[in-house]
Amino acid sequence: MTIQWYPGHIAKAERTLTEQLKRVDVVLEVRDARIPLATHHPKVSQWVSQKPRLLIINRQDMIPPHIQQQWQQWFEEHQEIPYFTNAQQGDGVDAVVRATKQAGEQLNQKRQQRGMLPRPVRAVVIGFPNVGKSALINRLLGRRVVESARRAGVTRKLQWVRISKQIELLDAPGVIPSRIENQQDALKLAICEDIGEAGYDNQRVAAGMVDLFQDLQIHHKLTDRYSLAIASENGESYLQALADQRFQGDLERTARQLLNDFRKGLLGAIALEIPPS
Ligand SMILES: Nc1nc2c(ncn2[C@@H]2O[C@H](COP(=O)(O)OP(=O)(O)OP(=O)(O)O)[C@@H](O)[C@H]2O)c(=O)[nH]1
């Protein structure tokens, strides 16, 4: 399984992100609920430094509720408060606004102690490509200012927008470049399309997805959708069997179909990661 990264894009994304972080008081870090660990970048704490950070686990509608509960508990055990959202529908966004305001109140208390006037808290939404940053920004603003698209890597430019008297937001999300050396994490990012401008092979990623479903013991999701049992095959042979059964042996078309069905939620609510025990 090889994911090919484009170093020029990564360096540029890192520069833009660090510039954005310099300007803000609070950071809203968005992760993908299907893969909350793989959408964590190890350098985030270094980039964010001492600033308050809110952890937003988006796409909550795409995982089963009992797994969401397990993550809630896991993060709390690790001294983090996760805010679960469905940015497409707006679920959970009010709690994010309240927490951001609270961070602003703390900021202004400190300013007051130093004899400074209060001002709105400045925030930025950051996260891997395609985790739902633009959708969240649009929800926070209650209107559509940032393009939100299924294609990864569409967001760029920089502007401030006022959410309320207390909060100002950078309307361009900070994109965390998704170069992840761990190939299993890279595979999950590719399956979820949270990978930005990287090159990958659809057939390998789709076969890897089938293997992952086996490991997670959720292969019945494939059987339910395609009426083709997995038997003992590995991902590659399943892809071949499905191609023969449905797509005249066309492996590329089969791989795209599998990935698309997963990404659109047509295989049901599926978590690709569960909290480590
Ligand atoms: N089902 C579901 N879809 C979502 C959710 N959040 C965002 N989406 C959809 O996912 C797609 C990507 O969302 P964006 O908001 O563009 O993601 P982004 O992180 O800004 O992406 P980049 O611009 O590539 O960095 C869009 O089609 C959104 O409508 C969610 O919570 N649930």
Side-chain angles (χ1 to χ4, degrees), residues 3 5-6 9-10 12-17 19-21 27-36 38-41 44 47 54-65 67-68 71-72 82-97 123-159 161 169-180 188-200 259-273:
I3 309 278
W5 310 102
Y6 303 127
H9 293 142
I10 288 165
K12 191 168 166 230
E14 279 195 17
R15 271 201 307 276
T16 313
L17 182 68
E19 269 312 304
Q20 287 168 306
L21 290 172
V27 179
L28 313 185
E29 184 199 351
V30 184
R31 298 200 206 158
D32 186 329
R34 295 168 298 178
I35 46 171
T39 46
H40 167 64
H41 195 292
V44 159
W47 286 326
L54 300 186
L55 175 61
I56 295 151
I57 311 288
N58 189 44
R59 299 188 180 277
Q60 71 167 98
D61 55 304
M62 300 187 89
I63 62 167
I67 306 252
Q68 177 178 330
W71 278 117
Q72 174 87 35
Y83 292 89
F84 284 91
T85 55
N86 170 353
Q88 203 176 46
Q89 299 298 323
D91 304 331
V93 174
D94 286 351
V96 173
V97 173
V124 64
V125 172
I126 69 165
F128 275 51
N130 202 43
V131 293
K133 301 178 298 299
S134 305
L136 178 69
I137 292 177
N138 290 330
R139 282 285 163 189
L140 288 169
L141 295 170
R143 61 181 188 270
R144 192 177 176 80
V145 286
V146 181
E147 186 184 353
S148 175
R150 211 168 80 75
R151 190 167 56 81
V154 295
T155 325
R156 298 291 174 257
K157 306 171 274 182
L158 271 195
Q159 266 179 61
V161 264
L169 190 71
L170 266 184
D171 87 334
V175 182
I176 300 175
S178 52
R179 181 172 56 178
I180 294 292
K188 291 178 198 162
L189 292 171
I191 296 171
C192 296
E193 222 182 2
D194 295 348
I195 195 133
E197 303 186 45
Y200 59 87
L259 292 171
N260 257 321
D261 286 354
F262 171 77
R263 290 165 182 169
K264 285 188 187 150
L266 297 176
L267 303 179
I270 293 177
L272 295 184
E273 285 177 341

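For ligands, and for the atoms within them, numbers begin at 1 and follow the listed sequence.
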As a quick check of understanding, evaluate side chain to side chain contact (heavy atoms under 4.5 Å, CB included) for D32 and F128, giving each step before the final call. CA-CA 8 Å; D32 186 329; F128 275 51; over 6 Å; no
Would you find a donor on one side and an acceptor on the other, under 3.5 Å apart, between the side chain of R31 and the backbone of G127? no
Between E273 and K188, does a salt bridge (Lys or Arg N to Asp or Glu O under 4.0 Å) hold up when you go through it step by step? CA-CA 9 Å; E273 285 177 341; K188 291 178 198 162; 3.1 Å; yes
Side-chain contact test, heavy atoms from C-beta onward, threshold under 4.5 Å: evaluate it for T39 versus L189 and give yes or no. yes
Is I56 close to E29 at the side-chain level, that is, under 4.5 Å between some pair of heavy atoms? no
For Q88 and ligand 1, does the shortest N/O to N/O distance drop below 3.5 Å? yes
Of the choices A135, A87, A13, G92, which has the non-hydrogen atom that lies closest to atom 15 (O) of ligand 1? A135
Give the atoms of ligand 1, by number and element, whose distance to some non-hydrogen atom of D61 is under 4.0 Å. 1 (N), 2 (C), 30 (C), 31 (O), 32 (N)
Can an N or O of L136 be found at a distance shorter than 3.5 Å from an N or O of ligand 1? no
Polar proximity ligand 1 side, P129 side, N/O cut 3.5 Å exclusive: no
